[in-house]
Amino acid sequence: MIKILFIAVHRPFRSPSQRFRFDQFMDFFSANACEITYSSLISEADDVWFYHSGHTFKKVLLMVKSIFKRMKDVRSAHNYDLVFVQREAIMLGTSYFERKFAKKSKLVFDFDDSIWLLDVSEANKKFGWLKRPQKTAEIIGCSKVVFAGNEYLANYAHTFNSNVLVVPTVLKTVNIKNDYASKTDNLSLIIGWIGSTTTIKHIEWALPILKACKDLFGNTIKFVIVSDKKPAIDDVEFEFLSWSHEVEHALLTTMDIGIMPLPDDEWTRGKCGFKGLQCMSYGIPVVMSAVGVNNQIIQPGVNGFLAHELPEWIDSLSKLVHDKTLRIQIGEKGKQTIQELFSAEKWQESILDVFRQITHKE
């Protein structure tokens with residue numbers, strides 16, 4: 001039996017990063033001689049206000065409570081074979097807790113963004129000074145093994161630790177059914193984007209792309225944005241659908257084309273392509289910004305399209321909007337890519353093997 005203490009900021013299945021980099025494997029691990037204890041900080045009740053402006057007293061109180069909870073976790077860490085930290089133990093600029101975990105157990109650190117850079121949600125910008133993202137290097141340095149979401153992140157981690165493994169963000173491929181190929185020709189094709197509060201700025205950044213598409217395609221298309229926060233987008237009509245784990249599947253199956261627009265900067269080059277991968281797993285053809293790992297995921301014109309400047313976005317989307325057969329072909333190739341390279345069913349075995357190796361338990 002491998003006893004694992006899982007350290008996370010959010011409750012299970014709340015954060016995309018946690019959901020697809022650990023939460024979805026928990027049943028598999030439990031069925032394969034692992035005993036998991038899950039310690040999170042932000043409750044469902046806290047979610048109501050945490051990513052909104054104001055509520056300063058509540059946020060300070062949450063930080064204090066979080067410190068006490070992590071101190072309790074440190075005291076019990078010796079009871080576990082390994083401690084798995086996803087991104088950070090606490091939303092403060094200290095590596096104290098991770099360093100303590102590393103002394104009492106085997107520390108596994110997982111990250112899927114350029115978190116050594118400062119990136120704070122709009123609602124919590126005034127607390128940005130508390131983050132000290134440089135702590136990432138300290139956490140990596142004291143870890144037994146590091147899981148990095150792509151090669152770009154792994155290259156950074158190798159500066160501080162020789163035991164770094166690339167573990168992409170992956171998706172379950174069983175029981176995902178999409179009737180895309182049997183859809184009738186719609187009067188308005190749905191071009192969809194799905195994301196969270198922390199990434200809503202990327203669809204807002206894409207406003208010129210959305211406007212140009214609407215001007216060109218008119219009522220041939222309809223934009224649907226799925227998130228837990230409505231984007232600040234003017235001059236372009238779109239339907240906003242509130243995200244929840246329970247309705248995510250139903251929302252994705254309504255999309256005809258998925259998009260993943262990103263600016264090209266040091267933060268986005270560390271992204272793991274998840275928004276595109278999620279659409280691909282449903283057989284939805286995608287157009288993704290030619291940034292970072294997206295260039296490795298997509299074979300242009302085969303399993304999706306890449307775009308950088310506005311003309312490339314318009315050209316790629318035009319091909320998909322005007323050709324249903326192409327949409328189906330690209331969607332099927334995208335789904336095949338997920339099954340071959342980004343399947344959770346395959347990667348969960350590899351991750352469990354790492355746990356067994358570092359704990360010397362079978």
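- Residues passing the ring-ring contact (aromatic ring centres under 6.0 Å, His included) test with F238: none are found, sequence neighbours excluded.
- Applying the ring-ring contact (aromatic ring centres under 6.0 Å, His included) test to pairs two or more places apart or on separate chains, those with a residue in residues 207-227 are F217-H322.
- Sorted by first and then second residue, the pairs that involve residues 97-110 and meet salt bridge (Lys or Arg N to Asp or Glu O under 4.0 Å), not counting sequence neighbours, are R21-D110.
- Using modelled atom types, no side-chain atom of N303 and backbone atom of I298 make a donor-acceptor pair closer than 3.5 Å.
- For the side-chain hydrogen bond (donor to acceptor under 3.5 Å, both in side chains) condition, no pair includes a residue of residues 285-300, sequence neighbours left out.
- F20 meets the ring-ring contact (aromatic ring centres under 6.0 Å, His included) test with F274; sequence neighbours excluded.
- Take F240 and apply the ring-ring contact (aromatic ring centres under 6.0 Å, His included) test, not counting sequence neighbours, and it matches no residue.
- Pairs passing the salt bridge (Lys or Arg N to Asp or Glu O under 4.0 Å) check and including a residue from residues 303-317, sequence neighbours excluded, read D315-K319.
- Remark: E248 engages R19 in a salt bridge (Lys or Arg N to Asp or Glu O under 4.0 Å) (not counting sequence neighbours).
- For R70, the salt bridge (Lys or Arg N to Asp or Glu O under 4.0 Å) criterion is met by D73, not counting sequence neighbours.
- With sequence neighbours excluded, the residues that form a salt bridge (Lys or Arg N to Asp or Glu O under 4.0 Å) with D264 are R269.
- Residues forming a ring-ring contact (aromatic ring centres under 6.0 Å, His included) with Y80 (at least two apart in sequence, or on another chain): none.
- With sequence neighbours excluded, the residues that form a salt bridge (Lys or Arg N to Asp or Glu O under 4.0 Å) with E239 are K222.
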